[in-house]
Amino acid sequence: MSHIVNAYNRFETSIVRGEGVYLFDQDGKKYLDFAAGISTSSLGHCHPYITNKLKEQLDLLWHCSNIFTIPQQERLAERLTALTFADKVFFCSSGLEATETAIKFIRRYFYSKGQKKRNRIITIEGGFHGRSIAAISAGGNEKSREGFAPLLAGFDRVPRNNIKALEEKISDETAAVFLEPIQSEGGVYTLDVEYLHKVRETTKTQGIILCFDEVQCGYGRVGSLFHYQNIEIEPDMLTCAKAMGNGFPLAACLVKDYIVEAITPGTHGSTYGGNPLAMTVGNAVLDVMLKEGFFEHVRRVSKYLKKRLLPLVEEFPEIISEICGEGLLIGIELKTPFADKIVSRSLDKGLIITRVLNNRVIRITPPLVIEGRHVDIAYDILYGLFSAVKDI
């Protein structure tokens, strides 16, 4: 009997080793990883360059309180601000912590301006921002909210891609709009670019903060460091995590100066955020991603993946509704909720994928370093499963 809390739908498979785009179980069976720890191990498993950098740091210093200057932290913050809209960075250890940071920074900013009642945050139906009480109060994932009442006040959810509904929800108590430009847990649903431009225009006009949650869609997954750069919409804040540390706990909240002027010593903090090990990994990940041709490769293999998957809709019209998503964040939407069966049989055949949205969407989030041959292997397995769907 396991002594671990039953918080996950686990497979009995025990993964013990990883190498590149493959994982291996205790019996030595090899699996093509098209989940990447849910958009996390984006440079593959045990990447030699990152592993060596971490080993070097292990012999120097693991942890240092943020009451001291941490050189690796200063370097990573300087690089991220140079690469993005942000002026400052707050480092933490998970996407959830980044969400909490964003919520606190938003409210603290308006408090510092003498607008204490301006503390409500508009979020989008289908959004997912983590599993703390604040995060599930903000998010639109009903399953994650069930049984945890009373939830926190201060959040107003509106329908996706409905600018009128968003504008009607704005009041003199509204502080921010907080959204995922691509909703991963919400079914790999991409918000309309025209809608997002209107949201940006509205927030500027109303003096409201716009925060993008790019915990899953950011850090290279759509062929650029962040999705906002592809759609040319600059937010005031952005949360990121997952691929940022390639599996090592690392996250951040990127933010403009005018907002964090309200954050003074003692108003926020993180014990492990920005520790030397995480910062070493974060800098090593950026080293790899910023090499010439890296994002071009992601865009090229993304196009190939979409090209292979799109014909499945016509091939299996009674099973598949749509191929959705952007870059290497792809969903296969099913007409009936049996994604769990496809995911399970896929594992049996050596391919790791996941499912979301009430068991109706198969999510594909491979490492960004996959090649066309890996796409072909995954396609062949999926095609075979859909062909034999009556036997599943």
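- Between A262 and Y109, the closest heavy-atom pair is CB-CA, 3.8 Å.
- Annotation for T123 and A138: closest pair OG1-O, 2.7 Å, computed over non-hydrogen atoms.
- Note: the hydrophobic cluster containing L254 does not contain F178 (ILVMFWY, side chain heavy atoms under 4.5 Å, direct or indirect links).
- For N161 and E194, the side-chain atoms include no donor-acceptor pair closer than 3.5 Å.
- Residue-environment remark: CD (E19) stays at or below the threshold of 12 foreign heavy atoms within 6.0 Å.
- The backbone N or O of N119 sits less than 3.5 Å from a side-chain atom of R107, completing a donor-acceptor pair.
- Using a 4.0 Å cut-off between charged nitrogen and carboxylate oxygen, D257 and K88 count as a salt-bridge pair.
- By the 30° and 60° cut-offs, the orientation of the rings of Y22 relative to H374 is perpendicular.
- Here the side chains of F338 and V389 are in contact, with some heavy-atom distance below 4.5 Å.
- The aromatic rings of Y49 and H47 sit perpendicular to each other, their planes meeting at more than 60°, with 30° as the lower class boundary.
- Contact annotation: the side chain of V21 never approaches that of P366 to less than 4.5 Å [non-hydrogen atoms, C-beta and beyond].
- A salt bridge does not link K117 with D172: none of the charged nitrogens is closer than 4.0 Å to a carboxylate oxygen.
- At distances below 3.5 Å, not a single donor-acceptor pair connects side-chain atoms of D192 with backbone N or O atoms of Y195.
- No side-chain donor from either of S112 and E261 sits under 3.5 Å from a side-chain acceptor of the other.
- Counting heavy atoms from C-beta on, the side chains of I121 and I103 come closer than 4.5 Å.
- Atom CD of Q183 is separated from atom CG of D213 by 10.0 Å, given to the nearest 0.5 angstrom.
- In terms of heavy-atom proximity, G95 sits nearest to A251 at N-CB, 3.9 Å.
- Atom CZ of F11 sits in a crowded spot, with more than 12 heavy atoms from other residues, nucleotides or ligands closer than 6.0 Å.
- The nearest pair of heavy atoms linking L382 to I342 is CD2-CG2, 4.3 Å.
- Counting only heavy atoms from C-beta outward, the side chains of I70 and N275 never approach each other to under 4.5 Å.
- One finds no salt bridge joining D236 and K256 here, because no Lys/Arg side-chain nitrogen approaches an Asp/Glu carboxylate oxygen to under 4.0 Å.
- Remark: Y111 OH is loosely packed, at most 12 non-hydrogen atoms of other residues, nucleotides or ligands lying under 6.0 Å away.
- The local environment of CG in N358 is sparse, with at most 12 non-hydrogen atoms from other residues, nucleotides or ligands closer than 6.0 Å.
- Side-chain contact check for L166 versus K198: every heavy-atom pair is 4.5 Å or farther apart.
- A cation-pi arrangement is absent between R120 and F155 under the rule of less than 6.0 angstrom and at most 45 degrees off the ring axis.
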Set out, in order, the CA-CA distance, both residues' side-chain angles and the distance that settles ring pair (Phe, Tyr, Trp, His ring centres under 6.0 Å) for Y228 and F85, then state yes or no. CA-CA 10 Å; Y228 87 82; F85 69 91; 5.4 Å; yes
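- Taking the charged nitrogens against the carboxylate oxygens, E142 and R145 do have a contact shorter than 4.0 Å, which makes a salt bridge.
- Around the NZ atom of K204, the shell of radius 6.0 Å holds no more than 12 heavy atoms that belong to other residues, nucleotides or ligands.
- I231 and F295 fall within a single hydrophobic cluster, where Ile, Leu, Val, Met, Phe, Trp and Tyr are joined by side-chain heavy atoms under 4.5 Å apart, directly or via other members.
- Looking at K29 and F24, their side chains never come closer than 4.5 Å, going by heavy atoms from C-beta outward.
- The heavy-atom pair separating F34 from I353 by the smallest distance is CB-CG2, 4.0 Å.
- Within 6.0 Å of atom CD in E296, 12 or fewer heavy atoms from other residues, nucleotides or ligands are found, so the atom counts as exposed in its surroundings.
- Considering all non-hydrogen atoms of both residues, N283 and Q72 come closest at ND2-O, 3.1 Å.
- Around atom CZ of R75, more than 12 heavy atoms belonging to other residues, nucleotides or ligands sit under 6.0 Å away.
- In this structure, V356 is not a member of the same hydrophobic cluster as I38, with clusters built from ILVMFWY side-chain heavy atoms closer than 4.5 Å.
- Between I330 and R363, every side-chain heavy-atom pair lies at or beyond the 4.5 Å cut-off.
- Interatomic distance, CD of E180 versus NE2 of H227, reported as 11.5 Å (0.5 Å rounding).
- Considering only heavy atoms from C-beta on, I323 comes within 4.5 Å of I332 through its side chain.
- Note on ring orientation: taking the six-membered ring where Trp is involved, the planes of F316 and F386 are tilted (angle from 30° to 60°).
- The main-chain N or O of L351 is found under 3.5 Å from a side-chain atom of S346 such that the two form a donor-acceptor pair.
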